[in-house]
Structures are given as C-alpha cells and as structure tokens.
Amino acid sequence: MEVTFMPGYAPLVFHEWANTPPDDCPFKQSTTFEGIEMSYRAGIYGHADTWFPSWSSDNNLYSMWTDGSVNGTAGGNSHRTTGFAVALGDDPLNLTITNIGTFASSPSPYEGRYPSANLVYNGYWYYGTYALDNPHIPPDPAPNCGNWCVQGPFLDFRYSSVTSPDQP
C-alpha cells in the first residue's frame with residue numbers, strides 16, 4: 001500500500017508483517033490489533049546502538065549509546081565505554097545529533113558494561129549502566145550462547161545537570 005503521509009516527503013510504502021503466530025504460541029491472538037504494517041522510513045544518525053532516548057522539558061532528546069560511533073566519536077572500548085548524545089529537532093527524519101562525549105568505566109568482575117536506564121527529570125539527566133559477561137566465548141568450550149550469556153547487575157546511575165545544547 002502506498003500513502004502520501006506528509007507534503008514534501010516521498011510516499012510511504014507499507015509492508016504488512018505476517019499475522020501467523022506458531023501453533024504452540026502460549027498467548028491468545030489479539031482481538032484489538034489485526035496486524036502491523038511498517039514503512040521502513042527512518043533517519044540514519046550514526047553507527048552506534050543501544051539508544052535509550054528520554055524527552056526533556058527543553059524539548060530535546062537525551063540518550064546514551066554504545067558499540068559504534070556518533071559524529072566521528074568512537075565508543076565501545078572493549079565494551080567498557082558508553083557515549084552520550086542529544087537529539088535536537090521535531091522531525092524524526094531530520095534531527096541534529098550532538099555527541100556530548102564518552103565515559104569509560106570498569107565492568108569488573110564482568111566483561112562488559114552497557115547503557116540501560118535513562119531519564120531526564122527536573123533539569124537532571126540520570127543514566128544507568130549494567131554489567132554483562134560471556135564466560136564461554138570461543139575457544140572456550142560449551143555452553144557458548146554466542147552473545148553476552150550472563151546478564152549482570154544494574155551498576156549505578158550517573159547524573160548531570162542539563163543545559164540545552166542550543167543555549168548558552
């Protein structure tokens with residue numbers, strides 16, 4: 001299906017996700033939603049993952065990120081570095097991403113440290129991280145789940161006062 005959603009943008013082409021749950025699915029099929037259609041329209045703002053945006057009263061989105069880079073700043077120093085960024089704008093397909101920086105922290109005794117909880121409230125930005133581990137990575141023997149088999153504990157909150165990046 002093709003729909004013109006907003007003037008000035010190309011028409012959206014929607015793709016329907018098959019509504020065929022497996023026979024052994026333990027949940028009842030929804031009577032509220034008949035299906036899902038996706039447009040696959042998205043903005044591409046960097047090459048990092050693990051974003052948890054929080055909207056602030058200054059009308060900006062604040063988020064942490066890891067595993068990649070944003071505006072040329074690399075994160076993911078052996079899975080111990082997380083990054084911070086602010087998204088400015090009200091059009092999700094045309095945001096300006098401002099990288100604030102990175103923060104390296106020890107995950108010891110675990111192997112990795114990743115962003116988790118994120119909240120901007122009353123002028124403060126709260127950012128949480130958790131630990132994770134993969135004790136059986138190759139060449140170690142099984143069991144090897146292949147990707148962070150052990151979800152470790154929530155480690156802490158960092159916090160910072162928020163000053164809008166577009167104001168002094």
Side-chain angles (χ1 to χ4, degrees), residues 1-6 9-57 59-70 75-76 78-87 89-95 97 103 105 107 109-122 124-159:
M1 172 167 71
E2 189 173 296
V3 175
T4 301
F5 182 64
M6 295 171 56
Y9 288 97
L12 294 176
V13 176
F14 289 92
H15 305 276
E16 186 174 346
W17 189 358
N19 190 6
T20 53
D23 291 336
D24 61 348
C25 181
F27 307 105
K28 287 194 236 179
Q29 191 162 358
S30 173
T31 57
T32 305
F33 299 101
E34 296 178 10
I36 297 175
E37 292 183 342
M38 295 171 276
S39 69
Y40 298 105
R41 174 185 268 160
I44 306 298
Y45 297 108
H47 302 285
D49 62 26
T50 321
W51 290 81
F52 293 93
S54 176
W55 219 294
S56 175
S57 60
N59 209 28
N60 296 321
L61 287 169
Y62 291 77
S63 185
M64 67 287 254
W65 56 271
T66 194
D67 286 353
S69 65
V70 174
S78 300
H79 306 295
R80 293 166 173 85
T81 302
T82 55
F84 306 82
V86 178
D90 57 6
D91 178 352
L93 301 177
N94 191 27
L95 297 172
I97 306 297
F103 192 89
S105 300
Y110 294 87
E111 226 176 284
R113 187 168 183 151
Y114 273 68
S116 57
N118 184 48
L119 176 67
V120 179
Y121 181 72
N122 283 343
Y124 285 89
W125 183 2
Y126 300 91
Y127 168 116
T129 57
Y130 71 98
L132 61 173
D133 207 1
N134 192 6
H136 299 287
I137 57 175
D140 292 342
N144 179 4
C145 72
N147 186 21
W148 298 115
C149 302
V150 177
Q151 297 296 304
F154 179 83
L155 296 173
D156 64 7
F157 271 110
R158 297 183 191 115
Y159 66 94

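Not measured: the values here are computed from a predicted model.
The ring-ring contact (aromatic ring centres under 6.0 Å, His included) test with Tyr127 is passed by exactly one of Phe154, Tyr159, Phe84: Phe84. Between Met64 and the options Phe52, Trp125, Trp51, a side chain to side chain contact (heavy atoms under 4.5 Å, CB included) holds for only Phe52.
Note: Trp65 CH2 to Thr82 OG1 = 8.5 Å, rounded to the nearest 0.5 Å. A distance of 8.5 Å separates OG of Ser105 from CG of Leu155, quoted to the nearest 0.5 Å. Rounding to the nearest 0.5 Å gives a distance of 10.5 Å between OG1 of Thr81 and CG of Asp67. To the nearest 0.5 Å, the span separating OG on Ser56 from CG on Leu119 amounts to 9.5 Å. The distance from the CG atom of Leu61 to the CD1 atom of Ile97 is 8.0 Å, given to the nearest 0.5 Å. For the atom pair Thr20 OG1 and Gln29 CD, the distance stands at 9.0 Å (nearest 0.5 Å).
Summarising the geometry of Pro115 relative to Tyr130, their closest heavy-atom pair is O-CE2, 3.3 Å, with the distance given to 0.1 Å. The nearest pair of heavy atoms linking Val120 to Tyr62 is CG2-CB, 3.6 Å. In this structure, Pro53 and Ser63 approach most closely via the heavy-atom pair N-OG, 3.5 Å. Taking all atoms of both residues into account, the shortest heavy-atom contact from Glu34 to Asn19 is O-ND2, 2.8 Å. Between Ala131 and Pro107 the shortest heavy-atom distance is CB-O, 4.4 Å.
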| request: Walk me through it: do Val150 and Glu111 pass the test side chain to side chain contact (heavy atoms under 4.5 Å, CB included)? | output: CA-CA 10 Å; Val150 177; Glu111 226 176 284; over 6 Å; no
field: Working for side chain to side chain contact (heavy atoms under 4.5 Å, CB included), residues Arg113 and Thr66
entry: CA-CA 9 Å; Arg113 187 168 183 151; Thr66 194; over 6 Å; no
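Residues Pro153 and Tyr110 meet the side-chain proximity criterion, which asks for heavy atoms closer than 4.5 Å.
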